[in-house]
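Taking it in order: structure first as structure tokens, then the write-up.
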Amino acid sequence: QVQLVESGGGLVQPGGSLRLSCAASGFTVSSKTIGWFRQAPGKEREGVSCISSSDGRTTYVDSVKGRFTTSRDNAKNMVYLEMTSLKLEDTAVYYCARTVRGCEAPNWYGIIIGSWGQGTQVTVSS
């Protein structure tokens, strides 16, 4: 059974850091493009970053460029989102998901494969 489980969220002060993990089962992370998404209260879910299945290239939404880094560990079948210099506006529930489109597509975040998981809450607050 294909499953993605997010973890690593928590409460952090502005300027702090967190590393989110996405544990995959039922498929290998190197075979699928994986996206990180987030949904803040009262807002639509947005694509944050993407890591390509073919070459591991990454894509980021402008608001997190230079602060967030997506990586994967093929041996552990995990994908990570390293978040630094966190801001209040980064507060959201974060999700990982397989995407239909590759990271090179301008709307890579438009369609996911499967359903959303429970996500992991990230709260940035002083």
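For R72 and Y80, the positive end is not near the middle of the six-membered ring at less than 6.0 Å and at most 45° from its axis.
Once rounded to the nearest 0.5 Å, the distance linking CD1 of I111 with OG1 of T99 reads 9.5 Å. Note that SG of C50 and OH of Y60 are 10.0 Å apart. Values are rounded to the nearest 0.5 Å. Once rounded to the nearest 0.5 Å, the distance linking CZ of R19 with OG1 of T84 reads 13.5 Å. Note that CG of L81 and OG of S21 are 9.5 Å apart. Values are rounded to the nearest 0.5 Å. Here K32 contributes atom NZ and S52 contributes atom OG; the two are 12.0 Å apart, rounded to the nearest 0.5 Å. Here CD1 of I51 is found 9.0 Å from OG1 of T33. Values are rounded to the nearest 0.5 Å.
S31 is not listed as a side-chain neighbour of S53, based on a closest heavy-atom distance of 4.5 Å or more. With a 4.5 Å cut-off on side-chain heavy atoms, V100 and I112 do not count as touching. With contacts defined as side-chain heavy-atom distances shorter than 4.5 Å, the pair S7/L20 does not qualify.
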Criterion side-chain contact (heavy atoms from CB on, under 4.5 Å) on F68 and E82, from CA distance to verdict: CA-CA 5 Å; F68 289 12; E82 190 79 39; over 6 Å; no

Apply side-chain contact (heavy atoms from CB on, under 4.5 Å) to the pair T70 and V79, showing each step before the final yes or no. CA-CA 7 Å; T70 292; V79 177; 4.1 Å; yes

Check against side-chain contact (heavy atoms from CB on, under 4.5 Å), S49 and V61: CA-CA 6 Å; S49 71; V61 68; over 6 Å; no

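Side chain of D90 to backbone of V124: no donor-acceptor contact under 3.5 angstrom is found. A distance-only check finds a donor-acceptor pair linking the side chain of D73 to the backbone of K76 [under 3.5 Å]. The main-chain N or O of F27 is found under 3.5 Å from a side-chain atom of N77 such that the two form a donor-acceptor pair. Side-chain atoms of R67 come within 3.5 Å of backbone atoms of S63 as a donor-acceptor pair (strictly under, hydrogens ignored).
The two atoms that bring M83 and V122 nearest to each other are CE-CG2, 3.8 Å, heavy atoms only. Counting all heavy atoms, side chain and backbone alike, S17 lies closest to S85 at OG-N, 4.4 Å. The minimum heavy-atom distance linking V93 with G119 is given by the pair CG1-CA, 3.9 Å. Minimum heavy-atom separation, Y109 to G47: CB-CA, 3.9 Å. Closest heavy-atom contact between G9 and T120: N-OG1, 2.9 Å. Between R98 and I34 the shortest heavy-atom distance is CG-CD1, 3.7 Å.
Of the residues E6, R38, Q121, Q39, the one that meets the side chain to side chain donor-acceptor pair (under 3.5 Å) test with Y94 is R38.
The aromatic rings of W116 and F37 stand perpendicular to each other, their planes meeting at an angle above 60°, with 30° marking the opposite boundary.
Remark: D62 engages K65 in a salt bridge, criterion side-chain N to carboxylate O under 4.0 Å.
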